[in-house]
Every structure is written in C-alpha cells, then in structure tokens.
Amino acid sequence: MPVAPLAVDARDLAKTFRSGWLRRRETAALRGASLQVPRGAIYGLLGPNGAGKTTLLSILATLLLPDRGSATILGHDVVREAFALRRRLNMASGNASFVWSLRPGEVLSFYGRLYGLHGRVLRGRVGELLERFELTPHLKTEYNELSTGLKQRLALAKALLNDPEVLFLDEPTLGLDPDVSIRIRSQISELRRERGTTVILTTHYMREAEELCDRIAFIKGGLILAEGSADELKRQIRIGDVIALRLEPAVPAGLAELPGMLSVQARGDRLDCTVDSAEKRLPDLLKWLCDRGVLIRDCQVREPDLEEVFVELAR
Amino acid sequence: MSSRAEPLGASPLPAEGWATEWVRLTAFAYRNLIMARRNVFFVFELTFWPGVAMLSHGLLTRFLDLTPEMTAFILVGTVALSAVQVCQLDVAYAVLFDIWSKSMKHQFLTPVRIHHLALGSWLVGVGRGVIVWALMALIGGRAFGFDFIGGGPLHVALFLLGCFLTALVIGMLVCALVVLFGTRAETSAWAAVNFFVMLAGIYYPISVLPGWVQAISAAIPLTYFLDAIRAGYGFPSQFAHPFATGFALSLVYVIIAHWALAAAITRSRRTGLLLKLSE
C-alpha cells in the first residue's frame, strides 16, 4: 500500500524553559514528543493545561527552538529551513492579539505584505477574507474594540493570508459562543476539503476533536501518551462500554459484583454500568436482572466518549 | 462567517524577488504611518518636544549673549538630538508596537528578516526626522537667526543622513534589548539616545571630556557628523575626514546592530520569551 506523504514528522522533541537569575527554575514542557501527520489530515492535540501542546505547536510553527529532537514540515527542517517554511505555514491561536489601533483590513494588509502580497493580489485576498469571515461590517472598528468572537475570526483570517499548506490552530474556538464555534469548525473542515490544507489543532473540547480530527494525540507532562483515531483511542484505552439502565429498584444489590462489571455509577434515575464488553455481558446482565424480578424501564448501550478517554488518560 | 462555501482565491504566492523584498520592507513603513496618523502622541513627538527644545535652548543662547557661531554650535546639537530621537523611535516601534499589544509572535511567524523590519520603519523615521529638522530650522531661523544651512545644502544633507544612520543603529539595538528582556527594556527606547549624544559632544566639543571618555566618543559616528556640520559654521574640525569616518563607522555599527538583533531574536526563540511577549 502506498504510504501517504507526511506534512509533519517530529521526532523526540524536547523543550525545557528556564527562568530566574539567582534561583534557576526549570520547567520541562516537552520530554521527547514524536508525531507524524499525513498531508491533508486534521490532527488534534489534546491534553490538560500545561501538558506541552502549545510548546509542541510553537516548535513546529518555527516560533520556538527545541532543545533536542528534530522536526520537518513538508520535508523542510523547522530549525535550519525556518525562513523558507514560514511562507508555507501559518498559525492562529484562541488568545491572539494584534496591534490595538489597527483596523481589521489594516491588520490583514500588514501581515499580507509580510507574506510578500501586494497590489491587486493583496487587496483581493484581504477583501475575500474580510468577507469570508464576515468582518466587512467592522472595517472601521479598531482591533481593541472588536468582540472576542470577531478577534478570533480576524486571527483565523490572518492565518489564511498566505494560503498555508500547513495550518496550526491553538484552541481556535476558545471562549466563543456555540454558534460561532460551529461555524469556525465548518470553516476548518472546508479548508481541508477544498484546499487540502493540513490542520494541526489543540483543543479542550472533546466534541470538537471528535468531529474534526482524523487522528488525535493525547499529550501529558510533555509526552504523547496515546495516538490514533477517536475510535482507536477508545479501544486502545480499554475503558469499557457503558450500559445505561433505568431500573426499579434503582440499584439492585450485588450488581457491582457481576463478572466483567468495571464500575456502577448512579446518575439521577439512571444507572451507568461500565463493562469490559457490552456485547459479551449484556445478555447475562439482563438475565440476572430478570431473575431477580427487577423491572427494566430503559436500556441503552453506548461507547465511551472521548471525554471519558481524556479523563482516564489525564488521571 | 458567510454560509457560502467558496474557496479562497487560488492566486499563488508571488515568487521571491526584489519586488517582494520591497513589499516586506514597506509593511513596517505602512504600519508606522497608520500609527503615526492615528495617535496624538506621535504629533507630540514630531512638534511639541522638538519645538520646546529649540525654543528653550535658543533662549538660553540669547541669555548667555552668545555669538551667532556659538548659537549655531549649540542649536546644531539640539537639532541632532531631536532628529536622532524621532527617527530611532520609529525603528524601535517595529518591535515596541508588538510588545505593547502582545502580538510579537505573529510577525516572527512570517518570512520577515531583520532588514525588512529595521529599514521599513527607518524609512518612516527618516521622513519624520526631516519634518522635525525643518520645523526646528524654521523656529531657529525666525526666533534666533540660526542659519540652518550654514555649511551648504549638501553638508546639511550628509549631516542629516549621518544622524539617521545613527538612529538606525540605536533603534536596532533598542529592538535587540526589548526582544532580549521584554518590557523591562522598553525605557531604553527613550533613554539610549541621550546617552549616545552626550558622549558625541552634543552641546560641547568632545575635547572638554576626560581623555578616556574622548576615546569612547571617537567610536561614535555622531561625533564625526557633529564635527563636520560645525566645521560649516567656522569651527575647526577635530578630525581629518569627519563625514567619511562617520559613514564608515556607521556601516560597521549597522552590521553589528543587525547581528545583535538577529542573535536576540534567536535567543528569544530559544528561551520562549518570544511567546511570552505574545501572551
């Protein structure tokens, strides 16, 4: 089978931040992270705060120099060939900021020029992005006076100025209204579909990761703990299936001791039974309940969601 | 965002060439110009402080009853200080705007090089420096009879170019300090120039300075430019070829300042300060 070309190939990346003059403090942000991202993929980096996600993204985006390890983007070394690479990648972050008294069109024109765009091409690209991200009604508003959602949209528009082949998004929907988040997610999907852009994003929202990403890496303490598609991760972590029941009586005695039962949790009038395999344990469980005259009002089987995988890994 | 799912225009990035180099360079000029137009404090930098300096020093020369030549000696220093100050601030703004708005990482994420950043903002600085010079020459001429083209137009043009090159060097060094130490070094943008002009013999010949300080003064290009312009007002030159020496020294310092800023940015990428300045 042909191997898909890699957009990102990072090996054993390590980064320690040092601070303080007299009392030297060291914080190991990355401790040997490796990841491979095929071209055209949407790749998610998940992990708790301080896990090293932004550090990893910043090294790949040529903003930080690693202490150890190597990384290539589109076959170019992120340290030695950073200048050439910067034409082909871009980045937007959830907490982005631009010069406060510039207006949206001016922000885009300034960065557009830095990417070498000028004249009609620059005006066209800026106008197109302003329209696409619905910033046209705010042309006269200075950056400082834009709402959080508009600032975020401007950051995304800026990140598309050079039509990047690889796009890094650091929590792109952080603090946004649900409807704006949905539209930004659809823009990200569109980018991949229409332009073949490789997107690497960090997020705290599991639903976002599950909806957007082909592959996901869990990072914690500067190490990638698990990697795969959302389904692969759920299987890999083996946190079991959940059988959600509504019973009468609500919690029959002895349920937790049944074979294959990993945990039993009451959630309101519902009982979540986590078993090693729903397929294997459901018939026995239902029989056990019927034998004891327990009334089964509702029974649903569901796979664990990504959030449960995240909690398990972050533990 | 619009619900229309139209792809972005497929226009590819233009090939890198001199035109692209020029466009990147003008990006900083574009931004400095917008900021200068929009911020009232920039008008102060351009008119108020230079005006106050010219009037107060001019009145001092009148009080001391100085000859026209001695008046020119002092006021040339006043003009030099203001022109260098205004121009070097513009160079420093290339980094300071981003420090203040915590947007540093965005410009270093682009394929921008030191010379784009420094020369682009310097161009605006030169323009503003010329305005400052013209304003001060006007006030000095009208109020105190200061002949602002004493040594001839070419002499004055070379002197101003020397001042602006000095400003470029100081501005780049300020940028390097700010990139290295963050907002803690921000005050250097206003303080550094005063230190250099003091050593360059701003209101006095450097012969009045202690011997070891004179050695330092001799290493500062502005010393030679001040010496050359004052020669145009009849003061004996202390150096054989002041303009040539000043420009040669400036070239050396521009190269050193370029290296220092590049090294500061690399260090900032290594320490992570570049990201901290964007949070």
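Residue numbers start from 1 in every chain, and the chains themselves are labelled A, B, ... in the order their sequence lines are given, proteins ahead of strands.
Residue B:L109 holds its CG atom at 9.0 Å from CZ of A:F168, rounded to the nearest 0.5 Å. Once rounded to the nearest 0.5 Å, the distance linking OG of A:S19 with NZ of B:K276 reads 5.5 Å. For the atom pair B:H106 NE2 and A:Y111 OH, the distance stands at 5.5 Å (nearest 0.5 Å). A distance of 9.0 Å separates OG1 in B:T110 from CG in A:N162, rounded to the nearest 0.5 Å.
In this structure, a donor-acceptor pair under 3.5 Å is absent between the side chains of B:K105 and A:S58.
In this structure, the portions of B:Q107 lying under 4.5 Å from any heavy atom of chain A include both its backbone and its side chain. The contact between B:L274 and chain A is made entirely by side chain atoms (from C-beta outward), counting heavy-atom distances below 4.5 Å. Looking at A:S109, both its backbone and its side chain come within 4.5 Å of chain B, counting heavy atoms on both sides. Interface remark: B:W22 contributes no atoms to any contact with chain A (heavy atom separation under 4.5 Å).
Under the 3.5 Å distance criterion, the side-chain polar atoms of A:S97 are matched with a main-chain donor or acceptor of B:S101. Remark: side-chain polar atoms of B:R24 are not paired, donor with acceptor, to backbone N or O of A:R113 under 3.5 angstrom. In this structure, B:R270 contributes its side chain and A:L64 its backbone to no donor-acceptor pair below 3.5 Å.
Heavy atoms of other residues, nucleotides or ligands lying less than 6.0 angstrom from CZ of B:R113 number 12 at most. Atom CZ of A:F83 has more than 12 heavy atoms from other residues, nucleotides or ligands within 6.0 Å. Taking a 6.0 Å sphere around CZ of B:R38, one finds it holds more than 12 heavy atoms contributed by other residues, nucleotides or ligands. Residue B:W100 places its CH2 atom among more than 12 non-hydrogen atoms of other residues, nucleotides or ligands, all under 6.0 Å distant.
Taking all atoms of both residues into account, the shortest heavy-atom contact from A:F110 to B:Y30 is N-CE2, 3.9 Å. Across all their heavy atoms, A:K15 and B:R269 have their closest contact at NZ-O, 4.4 Å. Across all non-hydrogen atoms, the minimal contact from A:L114 to B:F28 is CD2-CE1, 3.5 Å. Taking every heavy atom of both residues into account, A:L102 and B:M35 meet most closely at CD2-SD, 4.1 Å.
The shortest side-chain heavy-atom distance between B:K102 and A:V99 does not fall under the 4.5 Å cut-off.
Options B:A27, B:P111, B:S103, B:A19 differ in how many heavy-atom pairs under 4.5 Å they form with chain A, and the most are formed by B:P111.
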Can you check side-chain contact (heavy atoms from CB on, under 4.5 Å) on B:V23 and A:L117, steps first, answer last?
CA-CA 7 Å; B:V23 168; A:L117 304 176; over 6 Å; no

